[in-house]
Novice: 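Attaching a single structure in structure tokens format; questions to follow.
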There are 4 protein chains.
Amino acid sequence: MSEASKRGGNKRERILSAAVKTFAKNGFYNAKVSEVASAAGVADGTIYLYFKNKDDLLISAFEDRMQMLNDRLRHELEMLGGTPLIKLRRCLTLHLLIAVEAPSLAEFITVELRQSSKFIKEYDNHQFQEYLRIVVEVIREGQAQGEIRNDIDPWIVTRALFGALDEMLLALVLRAGDVSHELVEARVEVLQQLFVDGLKVDKSERKEN
Amino acid sequence: MSEASKRGGNKRERILSAAVKTFAKNGFYNAKVSEVASAAGVADGTIYLYFKNKDDLLISAFEDRMQMLNDRLRHELEMLGGTPLIKLRRCLTLHLLIAVEAPSLAEFITVELRQSSKFIKEYDNHQFQEYLRIVVEVIREGQAQGEIRNDIDPWIVTRALFGALDEMLLALVLRAGDVSHELVEARVEVLQQLFVDGLKVDKSERKEN
Amino acid sequence: MSEASKRGGNKRERILSAAVKTFAKNGFYNAKVSEVASAAGVADGTIYLYFKNKDDLLISAFEDRMQMLNDRLRHELEMLGGTPLIKLRRCLTLHLLIAVEAPSLAEFITVELRQSSKFIKEYDNHQFQEYLRIVVEVIREGQAQGEIRNDIDPWIVTRALFGALDEMLLALVLRAGDVSHELVEARVEVLQQLFVDGLKVDKSERKEN
Amino acid sequence: MSEASKRGGNKRERILSAAVKTFAKNGFYNAKVSEVASAAGVADGTIYLYFKNKDDLLISAFEDRMQMLNDRLRHELEMLGGTPLIKLRRCLTLHLLIAVEAPSLAEFITVELRQSSKFIKEYDNHQFQEYLRIVVEVIREGQAQGEIRNDIDPWIVTRALFGALDEMLLALVLRAGDVSHELVEARVEVLQQLFVDGLKVDKSERKEN
DNA sequence: GATGAATGAGTTTTCATTCAT
DNA sequence: CATGAATGAAAACTCATTCAT
């Protein structure tokens, strides 16, 4: 029974994984269901035992992967401890690391999320909301502790942050060749400077230097 | 003018305009060429007199509209004068204003650009590069004049900035109902604080307060 | 009985019964084997232990039900005694009574038999022939006894009779709501007048009146 | 313009004609749209320019052909003149003649009408109603003129008559080989005796003989 | 140049049937 | 005998594109 549930669960997972790869490579609309099936090593019809239709497969893949990312993000933030700004930096890092650790997933998220934004109107987009919520919480914590400025709406900041991160991730993923950890670190550094310190030349800091 | 509206040159424009509206409403892949045609008031076949195929129509619409936006941006920046930071703020404002002045265009750009990112590999994306270049130039100017920090790559900043703006624009456009100038101004204010001043609580400024 | 209900022999019957209901409701081609299976309370695969394929299920259901009807018809005619015309009337009644006693079966027979007429070429349609034979026999008996006109082919009459009855039955079954015994009796009366007495105004009878 | 309308009309007609043949040969559910298309000498997609879907094609074919038959029946009854019983006989003849003059149409009507009876619930079945109406009118006329017995509902009679005719037609069509005019006449004769004179041995007539 | 009827390649989805358990 | 997850062949339907007028 646990074997059986593992088999079923395994097949569903294999299909989701194949869907992410296939959709990432060709885009949702150019990807054929039969491609996903053969990438998953199952028959075409099998997909329809686990998902209602192609749209459902897209949404399920999206929600499932976002949940994984959210779980990891939440877990790492808990482990990490540290100040909110340190946590925030961790958020940046984890987001861009997808380009290193799961390039297909990165491509899938950056490209297909926008499609889903249209889908948003029709489905919950629950896990994306959840993602934002996690970051918003970090910012609120920072505001409460006086580390982050108080005069700014955490939701809007988070949304902007996400946009920047997502664009960054897309740029990384679309480069030819692999993305190194060093490159990711460099990008994180820039984003950190940009978002945390700001573009402005800070006179007080200049004096300190 | 009514003569011009009957000219072929105008017909191309009508098709592009219809394409933007139609692609914005349904997404590129769900939009039918015949929908675009009837929205433009021309026969299906006529579209193929002006564009090679549906893909070409998408790219042409995108490039054409981006060029319009770039022209306007360049023009306004020249008119405006002022410091680079003032110019930068103008960039933010103009980007978000699309949600007010041309909602379809906003939706088209935010949603379809990502699709096109895949297209990027195949076509120049010339006008998008141009857009980035304009903003990069403003930042470089700021760096040269000592108003913007020097230790940060203008291209990366610009890319991040674009991502944030684009996400912001998407969020505005997906709201139910019209977007007001006031709302746009509020968003610009937040982005300005975020990007220019940074999230960090600035002790020197606090003292100054 | 509860033991019997767990026996295989009974399972076959349950499947046939489910098939009749399901085919009646949706039609043969729109009915799914899995629907039949779940209506019968068995697994999909089980059906194929008792029937070669979906076609075989249709034909078997048809033959089986027709045999039941034939058995009953034969039995009632024997019980009844009476003149051939009385027996003929009993045939009419029993046919239309299906609409009261087994509406699904009625629908199944009236609608699917025609489909099967195409099948006829490929299978015996044995029980349908048997049904006709029973009625033919009644008519022959009537002819032998001088109660029914002799100058008319019993097979053709029977076929026409069957057509009329079947159409009548269909009309009854397609009505919204239940069919009453009274309604059936009324229809039988009409058919009796039609087939036995004829449409013609009979001058000799008029005189008698 | 009249040419164009002829072309369009012609193509529609060709498709309907092909549909009748194809549906008659294989039955609606076993017939492929592409078979109809190639029988009509058009591309698969063309069918969908004239009909919404396969169901619509079935219904349209049915209604169209029934209308033709109704037009002819109405026309012949007007031409014919004569007593209602003569007209009634003409109805029988014309119905069975379909087996001679348009065997595919005969098969199509006899087999598919039942399917459509299920469809009835969903569509008007207008022309079938019209057919019944024409016959009902003949019977009413006969009743008014005292030629046909008055104590019998014309609608029920007509329905029974139709059932008998349809079954007769089916039997003719399913025979191997062509159906001759003589065979049709023989069948008409039997039906006439059956419906008009009745099965009963008529003593008054016997005396007259 | 403009039209829009016709094309037919291409894809999702269904479902009868099988077979390992 | 019974199961039901898996299969994959088959078909309706769509829609970008063409081309005769």
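Atoms considered below: every heavy atom in the structure, side chains included; atoms not considered: hydrogens, waters and symmetry mates.
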Novice: Going by side-chain contact (heavy atoms from CB on, under 4.5 Å), name the residues that satisfy it together with D:A31, two or more places apart in sequence or in a different chain.
Specialist: D:T22, D:F23, D:N26, D:E35
Novice: Rounded to the nearest Å, what distance is computed from the CZ atom of residue B:F23 to the C1' atom of nucleotide F:dC15?
Specialist: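 After rounding, the gap between these two atoms is 13 Å.
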Novice: In whole angstrom, what separates A:R12's CZ from F:dA6's C1'?
Specialist: 17 Å
Novice: Write out the stems for DNA chain F, ordered by first number and formatted as range with range, counting runs of at least 3 consecutive Watson-Crick or G-U wobble pairs under 3.5 Å.
Specialist: E:2-21 with F:2-21
Novice: Looking at residues at least two apart in the chain, or sitting in another chain, which of them share a side chain to side chain donor-acceptor pair (under 3.5 Å) with C:Q127?
Specialist: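 Here the qualifying residues are C:N70.
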Novice: Could you give the CG-to-C1' distance, from D:D56 to F:dA12, as a whole number of Å?
Specialist: 14 Å
Novice: What does the B/S/- profile of nucleotides 13-19 of chain E look like, 5' to 3', with a 4.0 Å heavy-atom cutoff to protein?
Specialist: BBSSBB-
Novice: To the nearest Å, how far apart are C:I47 CD1 and F:dC1 P?
Specialist: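 Between P of F:dC1 and CD1 of C:I47: 16 Å.
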Novice: If I take atom CG in residue D:L49 and atom P in nucleotide E:dG8, what distance separates them, rounded to the nearest angstrom?
Specialist: 13 Å
Novice: B:S34: what forms a side-chain contact (heavy atoms from CB on, under 4.5 Å) with it, not counting sequence neighbours?
Specialist: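 Checked B:S34 against side-chain contact (heavy atoms from CB on, under 4.5 Å); matches are B:K32, B:D44.
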Novice: Just to verify, what does B:D56 make a side-chain contact (heavy atoms from CB on, under 4.5 Å) with, not counting sequence neighbours?
Specialist: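 B:D56 satisfies side-chain contact (heavy atoms from CB on, under 4.5 Å) with B:F51, B:K52, B:N53, B:S60 once adjacent residues are dropped.
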Novice: Which atom pair, heavy atoms only, marks the closest approach of C:K11 to C:Y50?
Specialist: CB-OH, 3.8 Å
Novice: Can you check the D:F51 CZ to F:dT14 P distance for me, whole Å?
Specialist: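 Rounding to the nearest Å, CZ of D:F51 and P of F:dT14 are 15 Å apart.
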Novice: Could you check if a side-chain atom of C:I59 sits within less than 4.5 angstrom of a side-chain atom of C:F62, using non-hydrogen atoms only?
Specialist: no
Novice: Could you give the distance from CD (C:E112) to OH (C:Y29), rounded to the nearest 0.5 Å?
Specialist: 9.0 Å
Novice: With sequence neighbours left out, write down each residue that passes side-chain contact (heavy atoms from CB on, under 4.5 Å) with B:S17, or none if nothing qualifies.
Specialist: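 B:S17 satisfies side-chain contact (heavy atoms from CB on, under 4.5 Å) with B:E13, B:K21, B:R65 only.
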